[in-house]
Amino acid sequence: ETGVTQTPRHLVMGMTNKKSLKCEQHLGHNAMYWYKQSAKKPLELMFVYNFKEQTENNSVPSRFSPECPNSSHLFLHLHTLQPEDSALYLCASSQGQGATYNEQFFGPGTRLTVL
Amino acid sequence: RKEVEQDPGPFNVPEGATVAFNCTYSNSASQSFFWYRQDCRKEPKLLMSVYSSGNEDGRFTAQLNRASQYISLLIRDSKLSDSATYLCVVNKAGGGNKLTFGTGTQLKVEL
């Protein structure tokens, strides 16, 4: 409905696994974002990409590795995660970063559980 | 102090009631302000942007007070379908579209 899709919708992984989250936007936007939403905490911005270039890394641990091959696709590669990394991971996109009131459109999220 | 602070609620109101949510932000250099709505186990969606002069969209009215660093959302004639969590969102200072979210205020509209 929002034009931003995420897969998988649910993921359970062990601490030694490697997995990837995928996000795709069909809105022709140039900026994409990864957020983390934990229970009882506000959404936390993780990474920002503008025209495929990373413009923000909000002090995210290296066990989270983003990849943006083009303006429509965004990945989050996961390895050696901790149980406290269990959360809802949301992808968003916007027209760009320059304008002050650029609406961000969110995908449905991937609910991640780390055992 | 949190960057964006909201009363978590829940606010339980009867259908047809008027309800107001408040939000304060700590960075006086913040440039743009929004209210997003998040339904249970769904993604956030933009409800409305908040402009300096205040703005209205149907039953929803948003106000901004830059001097007090305070944002409000008023919902009139509330409907059952308004039940959701309302997120106060501020554009981080420094440009770009880097948003800072509050923890949200939960609204439950009851019959």
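Below, chain A is the first sequence line, B the second, and so on; all start at residue 1. The figures here come from the full heavy-atom set of this structure, side chains too, leaving out hydrogens, waters and symmetry mates.
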- prompt: When you check the gap from the basic side-chain N to the acidic O, do R41(B) and D39(B) get nearer than 4.0 Å?
  reply: no
Under 4.5 Å from any heavy atom of chain B - which part of Q104(A): both
query: Between R76(B) and E56(B), is the closest basic N to carboxylate O distance under 4.0 Å?
result: yes
statement: Answer key: most heavy-atom pairs under 4.5 Å with chain A among T100(B), V89(B), T103(B), V4(B) is T103(B)
- prompt: Can we call the ring centroids of F33(B) and Y51(B) under 6.0 Å apart?
  reply: no
- prompt: Does any heavy atom of chain A fall under 4.5 Å from the side chain of Q38(B), the backbone, both, or neither of them?
  reply: side chain
task: Check each atom of L45(A) against the heavy atoms of chain B and say whether the ones under 4.5 Å are side chain, backbone, both or neither.
output: side chain
message: Is there a continuous path of hydrophobic side-chain contacts, each under 4.5 Å between heavy atoms, that joins M13(A) to V60(A)?
response: yes
